[in-house]
Number of protein chains: 2
Amino acid sequence: MAGGVQHRQAEAGQRYDVFHTDCPARDVVDHVTSRWGIWVLISLRSNDLRFYELRESIQGISEKMLAQTLRALVHDGLVWREVEPTTPPQVTYGLTEFGRDVGEPLTELFDRITRRLSPRSAG
Amino acid sequence: MAGGVQHRQAEAGQRYDVFHTDCPARDVVDHVTSRWGIWVLISLRSNDLRFYELRESIQGISEKMLAQTLRALVHDGLVWREVEPTTPPQVTYGLTEFGRDVGEPLTELFDRITRRLSPRSAG
DNA sequence: CCATGAGCTTACCTAAAGGTATGTCCTTAC
DNA sequence: GTAAGGACATACCTTTAGGTAAGCTCATGG
């Protein structure tokens, strides 16, 4: 974070300096890997979803957290948001190209973990 | 079909049920995507590292968090731990096959985000 | 005989994440 | 006139993540 930012990027090999910098990538990584961000992105990979569909799809998520997570992802450019000005308003969410780009390795990550653990407990 | 998620849960198990279950995969996902877990795994992809090397590589991490994160990853089978019984003891960490398997999409995820956001960074 | 170093562990405490409950807007249906 | 539906916002409160700092081990060097 902004506090202890010391860039000791010496010549001692290639060290990921992005680990602690305040570049926008850090925020996006945080949002993508946040508790609910992962599941929102994975959910939206299959198809666009309404707010309430996401809420029911991702069981255990609260409306507050869903709204908050979506706001961050929309702000990051990973998710688009479309409002139909009906009453009540209907809002649909979907992945942008960036979102699809990011959702792919995310799903792959998730799949590799479950693939490894589901047959039998791995030691 | 976009709107099929909420009421069709009984018939079609299409929805990701892992979102809220207590299967071990959930824990692993949590550890992998935890604040420091990501950077530990990415750091270890290039080569095995000693504890202090990790601490210095991932700037901003505290010893407590590093130890805690490593313990979780070792327990999950993503990272191995080797102790040389010298004095002081020297401990080396590295990725298991599972860890390499998981580290790949994780790095890819990270790279895609940085590639998109910073035209001149990450590398 | 005390400091040092590597790799932790433990206690303590604060910041923030996240849950629960409620309010809001506007319109149609009853 | 009141409930309901959809997508939130907001206040309040609890849980947890994570930072700081100290301690521990034990052989070696000063």
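Below, chains carry the letters A, B, ... as their sequence lines are ordered, and counting in each starts from 1. The analysis underlying the following values was restricted to heavy atoms, covering all of them including side chains, and did not include hydrogens, waters or symmetry mates. Remember, predicted model here, so these are calculated numbers, not experimental data.
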Checklist entry - Under the salt bridge (charged side-chain N to carboxylate O under 4.0 Å, His left out) test, which residues partner A/E104, sequence neighbours left out? => result B/R112

Checklist entry - Under the salt bridge (charged side-chain N to carboxylate O under 4.0 Å, His left out) test, which residues partner B/E84, sequence neighbours left out? => result none

Next on the checklist: With a strict under 4.0 Å distance from non-hydrogen atoms of chain A, what nucleotide opens and what nucleotide closes the contacted stretch of DNA chain C, reading 5' to 3'?
Outcome noted: C/dG18 to C/dT27

So, do [X] and [Y] sit near enough that their side-chain heavy atoms are less than 4.5 Å apart?
| X | Y | value |
| --- | --- | --- |
| A/L70 | A/V91 | no |
| A/L78 | A/F98 | yes |
| B/V79 | B/T96 | no |
| A/Y93 | A/L73 | no |
| B/D101 | A/R116 | no |

Item to check | Closest non-hydrogen atom pair between B/T114 and A/A25, with its separation | outcome: CG2-CB, 3.8 Å

Item to check | Shortest non-hydrogen contact from B/P89 toward B/V83 | outcome: CB-CG1, 4.4 Å

I'd like a table of atom pairs between the protein and nucleotides 18-21 of chain D - only N or O on both sides, under 3.5 Å - with the distance next to each one.
from, atom 1, to, atom 2, distance (Å)
D/dG18, N7, B/K64, NZ, 3.2
D/dG19, OP2, B/S62, OG, 3.2
D/dG19, N7, B/K64, NZ, 3.2
D/dG19, O6, B/K64, NZ, 2.2

Item to check | Check: A/W39 ring centre within less than 6.0 Å of A/F110 ring centre | outcome: yes

Checklist entry - Can you check whether A/V74's main-chain N or O pairs, donor with acceptor, with A/W80's side chain at less than 3.5 Å? => result no

Next on the checklist: Strictly distance-based, threshold 3.5 Å: is any side-chain N or O of B/S34 a donor or acceptor partner for the main-chain N or O of B/H31?
Outcome noted: yes

For nucleotides 4-6 of chain D, print each protein N/O atom paired with a nucleotide N/O atom at under 3.5 Å, atom names and distance only.
from, atom 1, to, atom 2, distance (Å)
D/dG6, O3', A/R50, NH2, 3.2
D/dG6, O3', A/P89, O, 3.3

Item to check | Rounded interatomic separation in angstrom, taking CG from A/L54 and C1' from D/dA7 | outcome: 12 Å

Item to check | Rounded distance in Å - CG (B/D30) to C1' (D/dT16) | outcome: 13 Å

Checklist entry - For the helix from C/dC1-D/dG30 to C/dC30-D/dG1, how many degrees between its two end axes (five pairs per end), to the nearest 10°? => result 30°

Checklist outcome for this item: When B/D27, B/D76, B/L41 are each screened for side chain to side chain contact (heavy atoms under 4.5 Å, CB included) with B/V32, the one that passes is B/L41

